[in-house]
Asks: 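I'd like to ask you about the structure that follows.
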Amino acid sequence: MADSCLELLHNQMVEYVVTSPAHNTQREAVYFALENMGFDVGHRMIHRLMKERPLLPNTLECIKFLCKDFWVETFKKSVDSLRTHKNVNNIFLLKDTNFRWLKHVSPTSFPPASDGTYQRSMEDYVIFPAGLLRGALYGLGIQAVVEPILGPEVHACTFQVFVKSE
Amino acid sequence: KAFERVEKINAELFTMTYGALVTQLLKDNKDNCDAVNKALDAIGYKMGMKIVDEFLATTAMGSCRTFAETAEVIAKVGFKMFLGVSATANVAESLQAYSLVLEENPLNAFVELPDKYRSELWFSNVLCGVVRGALEMVMFRVECTFVKCMLRGDDATEIRVTLLEILNENFASGDDD
């Protein structure tokens with residue numbers, strides 16, 4: 001399977017969700033739909049990836065696994081930096097400075113939304129990936145909230161993982 | 001050979017993502033399969049229009065002179081390059097239509113259709129859209145429909161492509177100037 005197919009499919013998926021009358025009136029609905037699809041896929045992916053592997057001993061090892069193996073499998077590169085929060089030990093920041101699925105997306109190509117509908121933005125392209133991460137973590141037995149934050153570089157995205165319980 | 005030149009991805013990931021999209025479409029359309037088939041075709045159409053650029057750039061292939069020539073190219077090169085499996089092309093005597101037969105369809109992996117969808121949903125309908133969009137970019141306007149799908153119990157996956165018109169490359173300038 002060619003890699004470009006997945007990126008094209010993801011782009012069309014975002015476009016569909018953002019423009020579909022089923023979701024396009026509010027940002028929450030768009031977020032919910034994309035994040036849920038990501039969760040579902042991430043959850044299934046991690047099961048297949050972990051099938052032949054020993055269990056990971058703790059949360060940090062799980063996060064590291066996602067930064068390397070899972071990311072490579074999904075985005076063909078590993079996460080560029082993993083940081084933990086200074087004072088809080090259940091927050092992890094996974095930064096990809098050149099996030100693959102943002103590379104061919106340009107905000108200038110988004111058509112203006114018609115009245116009362118949701119305007120597409122770059123942020124919509126990192127919701128599904130955030131869902132993937134949350135789903136994968138869930139599959140590893142970790143409940144978390146994953147928030148994608150764009151920037152500061154053009155194609156950079158940081159996924160903030162807030163671990164609720166193990 | 002073109003397949004070796006493209007960067008590859010875990011096919012399972014694509015298949016799962018596609019499956020999640022179909023599930024979402026069924027939900028959004030309240031299980032109206034006809035609407036879902038249309039939506040998948042529309043999504044594929046836009047993918048096809050973009051895929052063709054990569055195809056032409058990677059294969060450095062000259063343009064097909066006749067519609068019938070596109071059959072072999074899609075079946076043997078296009079499908080292989082993007083989907084990882086090749087198809088068999090059967091061109092009709094009229095040379096105005098052909099069918100593409102896939103012995104295995106990666107999109108179907110891990111999928112089992114619930115009975116209520118079996119007779120109406122064309123699960124892989126995105127493929128029709130892709131073929132239609134890609135051919136339109138090389139000036140063949142076609143109709144593309146599923147004939148057989150293994151998820152419905154058929155022995156293969158079969159897509160029918162029918163030529164509607166050959167678009168003129170020299171577009172009229174639009175105004176009277």
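Just so we're clear, the structure is a prediction, and the values are computed from it rather than from any experiment.
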Asks: Measuring heavy-atom distances to chain B, does A:His10 have an atom under 4.5 Å in its side chain, in its backbone, in both, or in neither?
Replies: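 Answer is neither: A:His10 stays 4.5 Å or more from chain B.
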Asks: Give the member of A:Ala22, A:Ser20, A:Cys5 that has the highest number of heavy-atom pairs under 4.5 Å with chain B.
Replies: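 Maximum pair count with chain B is reached by A:Cys5.
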Asks: Applying a strict under-4.5 Å side-chain criterion to I, L, V, M, F, W and Y, I'd like to know whether B:Leu135 and B:Val73 cluster together.
Replies: yes
Asks: Within the structure provided, determine whether B:Tyr45 and A:Gln12 are in side-chain contact (heavy-atom separation under 4.5 Å).
Replies: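 Side-chain contact under 4.5 Å: no.
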Asks: Has A:Lys77 got more than 12 heavy atoms of other residues, nucleotides or ligands less than 6.0 Å from its NZ?
Replies: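 Yes, NZ of A:Lys77 has more than 12 neighbouring heavy atoms, counting only those of other groups under 6.0 Å.
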Asks: Give the C-alpha distance, both sets of side-chain angles, the deciding distance and a yes or no for side chain to side chain contact (heavy atoms under 4.5 Å, CB included) between B:Ile9 and A:Lys76.
Replies: CA-CA 8 Å; B:Ile9 185 92; A:Lys76 317 287 277 179; 4.1 Å; yes
Asks: List the atom of A:Met45, the atom of B:Leu13, and the distance in Å for their closest heavy-atom pair.
Replies: CG-CD1, 3.7 Å
Asks: Please determine whether a side-chain nitrogen of the Lys or Arg among A:Glu7 and B:Lys50 lies less than 4.0 Å from a carboxylate oxygen of the Asp or Glu.
Replies: no
Asks: Can you give me the closest heavy-atom contact between B:Leu21 and A:Met37, atom names plus distance?
Replies: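 B:Leu21 and A:Met37 have their closest heavy atoms at CA-SD, 3.9 Å.
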Asks: Contact between A:Asp3 and B:Val6 at the side-chain level, heavy atoms closer than 4.5 Å - yes or no?
Replies: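 In short, these two side chains do not touch, never coming nearer than 4.5 Å.
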Asks: Taking all non-hydrogen atoms of both residues, which atom of A:Met1 and which atom of B:Phe14 are closest, and how far apart?
Replies: CE-CD2, 3.6 Å
Asks: What is the distance from atom OH of B:Tyr18 to atom CE of A:Met13, rounded to the nearest 0.5 Å?
Replies: 12.0 Å
Asks: Can a salt bridge be assigned to the pair A:Arg44 and B:Glu12 using a cut-off of 4.0 Å between side-chain N and carboxylate O?
Replies: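 No, this pair does not count.
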